[in-house]
There are 2 protein chains.
Amino acid sequence: MEERSILGFALLGLLEKQPMSGYDLRKIFASSAMGSFSDSPGAIYPALGRLEKRGLIRGALEGSSSLRRRRVYRITPKGMAAFKAWLRKPVTRDDVIRHSNHLMLRFAFMDQSLGAEHAVRFLNEFADEVAGYLPSLRQYLEMHGSGMPFSGRLAVEFGMQEYKTLLRWARKSIALYERRRRNET
Amino acid sequence: MEERSILGFALLGLLEKQPMSGYDLRKIFASSAMGSFSDSPGAIYPALGRLEKRGLIRGALEGSSSLRRRRVYRITPKGMAAFKAWLRKPVTRDDVIRHSNHLMLRFAFMDQSLGAEHAVRFLNEFADEVAGYLPSLRQYLEMHGSGMPFSGRLAVEFGMQEYKTLLRWARKSIALYERRRRNET
DNA sequence: AATGTCATGTAACTAGTTACATGATTTA
DNA sequence: TAAATCATGTAACTAGTTACATGACATT
């Protein structure tokens with residue numbers, strides 16, 4: 001019962017927090033901040049259908065018959081399990097290079113679903129993997145930079161800045177978790 | 001003759017610089033730095049086929065018959081025109097939010113294909129659009145931040161850092177172009 | 001009465017992933 | 001001669017985009 005689309009997991013994460021209709025979910029994606037998701041009905045409704053078919057969520061028509069038909073979905077225990085398994089996957093180099101948005105989405109849901117301790121562990125993995133990748137990018141720029149057009153070099157330079165920002169953010173976030181933990185006890 | 005996949009444009013851009021085989025292109029994508037592209041044959045070869053069918057590139061079997069069969073593609077005038085039209089598209093808010101990698105790819109090829117002047121103009125557009133978007137993200141965080149889990153808040157915070165990095169980078173790059181121009185004259 | 005928003009859906013098209021297949025040439 | 005690499009391709013599956021369709025209810 002593998003769910004492979006990132007959209008599916010985003011939906012699971014939102015439904016874990018609170019049962020909602022497809023329309024509610026679309027509104028969340030439309031009001032941005034959830035970045036890279038489409039709010040088009042052609043993406044959301046089929047995705048919900050797939051999740052339901054796999055038993056990860058279950059929809060029910062809401063309220064009395066005179067109301068607008070409104071299908072409210074809630075996550076099932078099986079869906080919870082699948083979602084948490086996704087959150088728990090190890091951080092790979094490939095994720096860092098090609099799917100850093102997936103990693104960020106997982107993190108965003110992490111302490112809601114698995115708790116702060118796990119979130120910190122995740123950030124450490126994330127930071128380590130980024131720190132390991134940065135030197136190879138730097139090396140690439142040194143090796144191939146001279147043969148590239150100026151704008152190409154600048155684009156790679158931006159890539160490095162991005163990963164540096166990510167690393168700074170991860171470390172700072174770890175520190176913030178630490179401070180929060182101390183203040184709570 | 002619309003080409004809508006970003007992979008198609010990446011291929012056009014690389015082939016504009018130098019005719020190559022599918023295998024060469026795969027190697028480029030495999031040796032990272034071109035970030036988010038897959039080097040899988042199932043992506044590259046069909047994409048090349050589509051481009052050829054649309055007349056944007058043309059492949060020819062290379063060398064004598066005893067050689068390994070190796071299809072070398074080169075960009076056609078029609079392909080050049082389509083590629084430049086893509087580069088010249090205006091920078092939209094939607095691009096900034098959901099497709100900043102497209103924008104970065106366009107920029108990477110920009111002064112090779114359209115010249116430095118156009119690259120600077122593009123960076124200005126880009127920077128303006130980002131600067132216009134940032135406040136709304138900040139506002140979102142202020143409005144909804146308190147209702148979000150801690151890791152969610154941190155994730156949005158990272159988004160903001162990312163856009164700030166982008167803005168800094170764009171402005172610095174504009175300055176570098178300026179300096180370069182002065183040194184050349 | 002007309003327009004706007006709520007709410008869900010579907011069909012056609014395009015494209016990427018994974019996995020498999022094939023055969024030539026080079027290196028150990 | 002076995003293994004690695006060069007080189008190209010295809011098939012099945014999954015998913016997203018765009019555009020269209022439908023109807024209930026609310027607002028002006």
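Numbered from 1 within each chain, the chains take letters A, B, ... in sequence-line order. These figures come from a predicted structure and were not determined experimentally.
- By the side chain to side chain contact (heavy atoms under 4.5 Å, CB included) test, B:D24 is found to be paired with B:M20, B:S21, B:K27, B:R70, residues two or more places apart in sequence or in another chain being considered.
- Nucleotide C:dA19 holds its P atom 18 Å from the CD1 atom of B:I44, rounded to whole Å.
- In this view, B:Y23 satisfies the ring-ring contact (aromatic ring centres under 6.0 Å, His included) rule with no residue, not counting sequence neighbours.
- Heavy-atom minimum distance, B:F150 versus A:D111: CB-OD2, 3.5 Å.
- The side chain of B:S38 contributes an N or O atom lying less than 4.0 Å from OP1 or OP2 of C:dT17.
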Pairs under 3.5 angstrom, nitrogen or oxygen only, protein versus nucleotides 8-14 of chain C, please.
unit_1 : atom_1 : unit_2 : atom_2 : d
C:dT8  : OP1    : A:R71  : N      : 2.7
C:dT8  : OP2    : A:Y23  : N      : 2.7
C:dT8  : OP2    : A:Y45  : OH     : 3.2

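- Distance, A:M20 CE to C:dA7 P: 13 Å, rounded to whole Å.
- Rounded to an integer number of Å, the gap from A:H102 NE2 to D:dA15 P is 12 Å.
- Between the CG atom of B:D39 and the P atom of C:dT18 there is a distance of 11 Å, rounded to whole Å.
- Rounded to an integer number of Å, the gap from CD1 of A:I6 to C1' of D:dA15 is 13 Å.
- Taking the centre and axis of the six-membered ring of A:Y73, the NZ or CZ atom of A:R58 falls outside the cone set by 45° and 6.0 Å.
- Among all heavy-atom pairs drawn from B:P90 and B:R106, the shortest one is O-NH1, 4.1 Å.
- Computed from coordinates, the B:F37 CZ to C:dA15 P distance equals 14 Å when rounded to whole Å.
- Taking the centre of each ring, A:W169 and A:F107 come in below the 6.0 Å mark.
- Rounded to an integer number of Å, the gap from CG of B:L61 to C1' of D:dA7 is 11 Å.
- Here D:dG16 presents its P atom at 16 Å from CG of B:D94, a figure rounded to the nearest Å.
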